[in-house]
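What you see is a predicted model, and the numbers here were worked out from it, not measured in a lab.
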Amino acid sequence: MTAEAMSRKFNIDTVANAEATPGQDLPWAALGLTESEYRRIGEILGRRPTGAELAMYSVMWSEHCSYKSSKVHLRQFGDKVTDAMKEHLLVGIGENAGVVDIGDGWAVTFKVESHNHPSFVEPYQGAATGVGGIVRDIISMGARPVAVMDPLRFGAIDHPDTARLVHGIVAGIGGYGNSLGLPNIGGEVVFDAVYQGNPLVNALAVGVLRHEDIRLANASGTGNRVVLFGARTGGDGIGGASVLASESFDSSKPSKRPAVQVGDPFAEKVLIECCLELFKASVVEGIQDLGAAGISCATSELASNGDGGMHVELTNVLLRDPSLTPGEILMSESQERMMAVVTPENVTAFEAIMDRWAVEYSWLGEVTDTGRLIIEWDGETIVDVDPRTVAHDGPVYERPYHRPSWLDRVQADAFDAEQPTDLRAAVLELMASPNMCSKDWVTDQFDRYVQGNTALAMPDDAGVVRVDEETGLGVAISTDANGRYSYLDPYEGARLALAEAYRNVATSGAEPLAVSDCLNFGSPEDPEVMWQFAETVRGLADACQELGVPVTGGNVSLYNQTGGVAVHPTPVVGVLGVFDDVARRTPSGWREDGQAIYLLGTTKDELDGSEWANLHGHLGGRPPALDLAAEKTLAAILVNCSRDGMIDAAHDLSEGGLAAVLSEMALRFGVGARIGLDELCERDRIDAFTALFSESQGRAVVAVPRSEEVRYNDMCTARNYPTLRIGVVDTENEALDLQGYFNLPLDQLREAHQGTLPRHFG
Amino acid sequence: MPRIVVDVMPKPEILDPQGKAIAGALPRIGLTGFAAVRQGKRFELTVDGEITEQILEQARHAATTLLSNPVIEDVTRVEVIEEDAP
Amino acid sequence: MPRIVVDVMPKPEILDPQGKAIAGALPRIGLTGFAAVRQGKRFELTVDGEITEQILEQARHAATTLLSNPVIEDVTRVEVIEEDAP
Amino acid sequence: MTSTSIETPLIGDLQSMTGNDDGPLAAVRVGVVTFPGSLDDRDAMRAIRLAGGSAVELWHGDHDLQEVDAVIIPGGFSYGDYLRAGAISRFAPLMEQITQAATGGADALPVLGICNGFQILTEAHLLPGSMIKNEHLHFLCRDQRLRVENADTHWTGEYWAGEEVVIPLKNQDGQFVADNRTLDELEGEGRVVFRYVGGNPNGSRRNIAGISNTAGNVVGLMPHPEHAVEAGFGPDSSARGEVGLRGGTDGLGIFTSVLRKLVG
Ligand SMILES: Nc1ncnc2c1ncn2[C@@H]1O[C@H](COP(=O)(O)OP(=O)(O)O)[C@@H](O)[C@H]1O
Ligand SMILES: [Mg+2]
């Protein structure tokens with residue numbers, strides 16, 4: 001490459017040149033920097049930055065990479081962690097992904113991230129590269145990725161643009177994840193007009209590793225070599241690239257820069273296998289994936305987390321587009337690339353593994369102890385910075401925030417529409433609604449079988465994968481968020497999201513252990529949005545502390561808005577739980593005739609923000625009340641039930657309430673039930689409609705074998721948790737029989753439940 | 001029947017994983033004469049009756065809206081072909 | 001750089017699901033002038049240096065062995081193009 | 001034709017001989033080929049082990065079949081499937097060895113192609129026909145009901161003709177096509193091994209899900225039997241009637257078939 005690079009004869013803006021021309025104008029504003037940020041760069045360097053340095057600072061100090069608006073709030077996740085919560089944490093916040101000890105020497109790492117904006121512009125590739133990016137985070141921890149999940153939010157189901165996004169995004173997630181051989185074990189599909197111009201495409205990946213295999217992103221060991229491998233570097237994702245033309249005073253202009261990134265899942269699959277071989281052979285000291293801010297990020301983070309220095313020759317980078325300028329190479333977000341640090345003794349072994357998998361690589365430079373990140377272009381210094389100032393010392397903003405003035409009005413507007421007279425029709429309407437309908441049309445496009453370890457996936461409460469084939473040790477994960485609850489009360493909304501994911505994991509039978517989150521919000525420059533954000537973080541951090549599950553990592557996505565209108569505050573919370581043996585997982589449907597159906601928890605009149613209210617165009621009032629101590633007890637009961645074989649099915653109550661849960665449990669295996677609501681209505685002083693549609697928290701429905709009923713009741717009594725027998729499984733009758741109200745044949749229910757997505761997108 | 005051909009190729013600056021995979025395979029089967037490969041799409045639209053300027057216009061419209069994704073692809077040709085395949 | 005173009009189309013007797021889907025979608029966006037659509041592939045092989053008969057032969061070989069599957073596809077063209085994309 | 005009683009779940013049937021390395025079938029070595037982009041290779045190896053045999057890793061770039069007694073070409077997206085599914089893998093050095101060893105009558109090497117493996121076998125001309133995109137153009141993952149049409153191949157001896165099984169199907173290019181003459185020939189010679197029942201999931205000609213060569217040693221099928229071998233991780237239901245939680249182990253018979261056949 002060097003010869004070619006030289007023949008291009010860029011007139012490069014070197015450090016020497018920067019010193020000689022202090023007055024030279026640089027396009028800092030076009031690169032998204034503020035004047036004070038630009039001035040700070042000058043102060044740090046003691047001179048004006050070179051074009052390449054400016055490129056690095058501008059991408060690394062961007063909101064996306066530096067968390068400059070959210071940092072002051074996110075600290076709470078660390079501050080509110082107790083020692084007990086740290087017990088299972090091997091690696092906490094701050095690394096590419098957190099690592100959790102699950103016992104027997106095994107660990108898992110998981111993280112959820114957003115790819116919202118790219119997915120709106122180019123749905124297929126945007127979603128695909130979202131999966132690709134999060135999977136690389138997992139690999140860079142030294143783990144084998146074992147599953148993905150995809151919480152998705154779209155605009156109104158019947159808006160003309162929604163079909164384009166649904167088709168592209170679902171196909172993109174499948175196209176990438178399926179080709180990587182990662183089972184898709186769960187996610188969400190939500191339709192709401194607030195996401196019209198701004199769909200939320202979040203992707204979660206989980207990986208598995210042995211404790212001793214943890215790899216961190218640091219470059220230590222002076223003299224160790226730095227290598228870039230995987231795909232070649234192209235002009236992908238270079239935001240204000242054209243403005244960088246000024247860094248080269250050449251007449252040959254760089255060619256057009258692509259507006260979107262195209263993913264190559266095949267290249268990533270090979271990269272996974274090749275990285276795992278590198279880990280197994282212990283030939284890399286430190287490793288870092290290349291995501292946002294590409295080489296800028298990888299070099300500055302590796303260097304500042306290690307011995308502090310690195311020396312790189314940038315012309316060694318293998319290029320897909322030879323017209324890229326140095327600044328562009330540093331900013332490029334080309335996919336499917338990794339950077340590693342290798343001792344000189346291991347260079348040959350490293351190269352052998354690359355060759356076996358036919359992966360391209362280039363040696364860029366070496367680790368130094370100078371405390372400087374020096375990047376040369378054909379021998380001339382174009383970057384000479386303290387890497388910490390790039391990677392860690394970005395600006396931090398205390399953005400002003402205040403409670404929205406409209407919130408009082410909204411909270412005062414409780415849901416008080418007339419109750420439907422025909423409960424049967426109401427259940428059918430609910431189960432056919434865009435948010436409650438079957439998501440099979442989506443999930444059928446994802447491979448849930450590959451790797452052979454999937455014990456639960458859609459439509460169960462949590463995805464469950466086996467980690468150890470000998471012992472059955474495994475994990476469960478669920479992701480949840482309710483933007484409407486958060487809109488009504490962001491503090492409570494965040495706590496409710498955590499509670500639901502936590503409850504889902506426990507419902508499957510796993511012990512909840514750790515949290516990852518993706519906070520999707522509007523513009524932080526809007527004080528009302530900023531308040532929603534601050535409240536969300538406070539709520540989530542408090543709730544994590546109360547439940548004793550630490551946040552191990554996550555992602556913040558801001559500026560999700562079209563025009564002046566922000567999306568609902570949407571904190572997607574992923575909870576990971578552990579199973580000693582996945583064989584005891586609890587499915588979300590009953591099967592055995594005569595088993596007793598019990599409801600755990602109590603039901604209040606809580607319809608504000610509910611799916612039923614949403615279906616009738618109402619959003620106001622207060623979200624359901626949450627009692628985290630009760631959630632903890634409920635979870636303990638559900639896990640115990642699974643451990644002691646006391647239940648054969650369980651499903652937690654959330655959106656859609658009891659109506660949704662009974663429908664889903666019956667449809668899971670196509671087995672009917674007879675249900676009586678009278679006792680429940682009497683005990684909780686509610687009517688049948690409220691019993692069915694309220695979204696009170698802390699509830700679940702379980703199916704208990706006859707032989708276990710005494711033990712089950714004793715346990716609930718001992719823990720002082722309300723439970724009530726509401727019905728019995730009935731294999732004879734393929735219907736949901738709500739005695740005294742209606743009899744709903746499962747065929748009809750299924751048709752309503754399954755028909756919606758195919759009708760819109762088929 | 002007369003046909004209109006529409007050629008769509010990945011934009012030159014966009015990664016073309018398909019072309020890359022082929023370029024990697026060619027030398028393995030002993031074909032070493034090629035520096036790069038790009039894979040695009042070719043559509044043949046059959047027209048009932050004569051090809052009018054109006055129909056050609058329809059084809060051009062289809063080419064940029066339905067047959068290609070302007071974010072990642074270029075329409076490189078919209079043309080009437082009379083000849084049969086060789 | 002000179003390029004060789006290889007066009008590959010689905011055999012007429014093989015149902016082409018993508019072409020069919022497009023043919024179904026065209027009227028929905030108001031384009032009613034087309035009787036049928038077929039979707040094939042177009043490959044552009046870039047050659048370093050001059051295109052000799054021997055390289056063209058390599059391209060023909062690639063076309064029939066790797067770039068197409070004779071059970072379902074026909075190679076409809078292997079040709080040198082000098083012109084740039086419009 | 002040997003057939004196990006349907007009352008006895010296959011997995012129970014095998015308990016006696018799996019789990020210990022010196023069961024009667026453990027001497028049978030079944031190779032699983034990994035290409036760049038193979039995905040279900042480890043799953044296929046697990047299936048062989050659960051069936052009682054010994055699994056051997058094979059690498060596409062090698063020239064050595066390591067004296068395996070049978071070969072499985074697993075599912076996945078070899079080379080990304082960008083050009084055509086299986087098109088590039090077909091030229092792998094090991095494929096030449098396999099093609100040679102698999103031809104030459106009933107004593108030739110048994111070869112099973114699953115999904116992408118099936119596609120590779122057609123590209124390599126070991127099996128006729130080809131696969132094009134699913135009629136509905138989507139990737140489709142579902143628990144698929146199949147009928148075993150031919151229980152005399154090397155890979156289906158443990159079933160009985162007409163038996164129905166449930167096995168996961170998952171692919172994007174799963175529509176089997178061939179000209180009518182070939183299709184008639186396949187039907188006439190009893191080389192249609194599996195057929196979709198309960199709805200054609202992808203538009204395959206004559207509902208064909210799997211076929212064999214004339215000698216019956218080479219079989220290809222689109223659904224994934226290796227994902228229906230272990231209770232708890234397979235399809236939710238099995239054609240054997242019981243509603244088990246991912247209890248479907250109907251695919252195991254494919255692997256036991258070849259092991260039994262080789263033990264003789
Ligand atoms: N986009 C998706 N990808 C994968 N699985 C999904 C997706 N959307 C929904 N699911 C699955 O469908 C089932 C029902 O979803 P949902 O009703 O949101 O579950 P819950 O209310 O228990 O959180 C769950 O198993 C969920 O994981
Ligand atoms: Mg749930």
Worksheet item: Less than 4.0 Å between a side-chain N and a carboxylate O, is that true for A:Arg668 and D:Asp236?
Response: yes

Shortest non-hydrogen separation from [X] to [Y] and the atoms involved:
X: A:Phe446; Y: D:Cys141; answer: O-CB, 3.2 Å
X: A:Ala455; Y: D:Phe233; answer: CB-CE2, 3.9 Å
X: A:Tyr449; Y: D:Lys170; answer: CB-CD, 4.4 Å

Worksheet item: When rounded to the nearest 0.5 angstrom, what distance separates CZ in A:Arg356 from CH2 in D:Trp59?
Response: 4.5 Å

Practice prompt. Drop me the distance from A:His167's NE2 to D:Leu137's CG, to the nearest 0.5 angstrom.
Written response: 10.5 Å

Among the options [options], pick out the one with the most heavy-atom pairs lying under 4.5 Å from chain A.
options: D:Asn171, D:Asp43, D:Asp81; result: D:Asp43
options: D:Gly61, D:Gly80, D:Ala228; result: D:Gly80
options: D:Ala47, D:Ser78, D:Pro168; result: D:Pro168

Worksheet entry | Which portion of D:Tyr79 sits near chain A, non-hydrogen atoms under 4.5 angstrom | both

Worksheet item: Take atom CD in A:Glu734; do more than 12 heavy atoms of anything else shown fall under 6.0 Å from it?
Response: no

Worksheet entry | A:Glu751 CD: over 12 foreign heavy atoms closer than 6.0 Å | no

Worksheet item: Among side-chain atoms of A:Asp264 and D:Tyr82, is any donor-acceptor pair under 3.5 angstrom?
Response: yes

What part of [X] lies closer than 4.5 angstrom to a heavy atom of chain D: side chain, backbone, both or neither?
X: A:Asp440; answer: neither
X: A:Val450; answer: both
X: A:Val582; answer: side chain
X: A:Leu180; answer: backbone

Anything under 3.5 Å between a donor and an acceptor, one on a side chain of residues 171-178 of chain A, the other on a protein residue two or more places apart or in another chain? List them.
from, atom 1, to, atom 2, distance (Å)
A:Tyr176, OH, A:Glu268, OE1, 3.2
A:Tyr176, OH, A:Glu336, OE2, 2.6
A:Asn178, OD1, A:Asp447, N, 2.8
A:Asn178, ND2, A:Gly174, O, 3.1
A:Asn178, ND2, A:Gln445, O, 3.0

Practice prompt. Ignoring hydrogens and angles, tell me if any N or O in the side chain of D:Arg42 forms a donor-acceptor pair with the backbone of A:Gly452 under 3.5 Å.
Written response: no

Response to the item:
By salt bridge (Lys or Arg N to Asp or Glu O under 4.0 Å), A:Glu469 pairs with (sequence neighbours left out) D:Arg46

Worksheet item: So, do A:Gln451 and D:His227 sit near enough that their side-chain heavy atoms are less than 4.5 Å apart?
Response: no

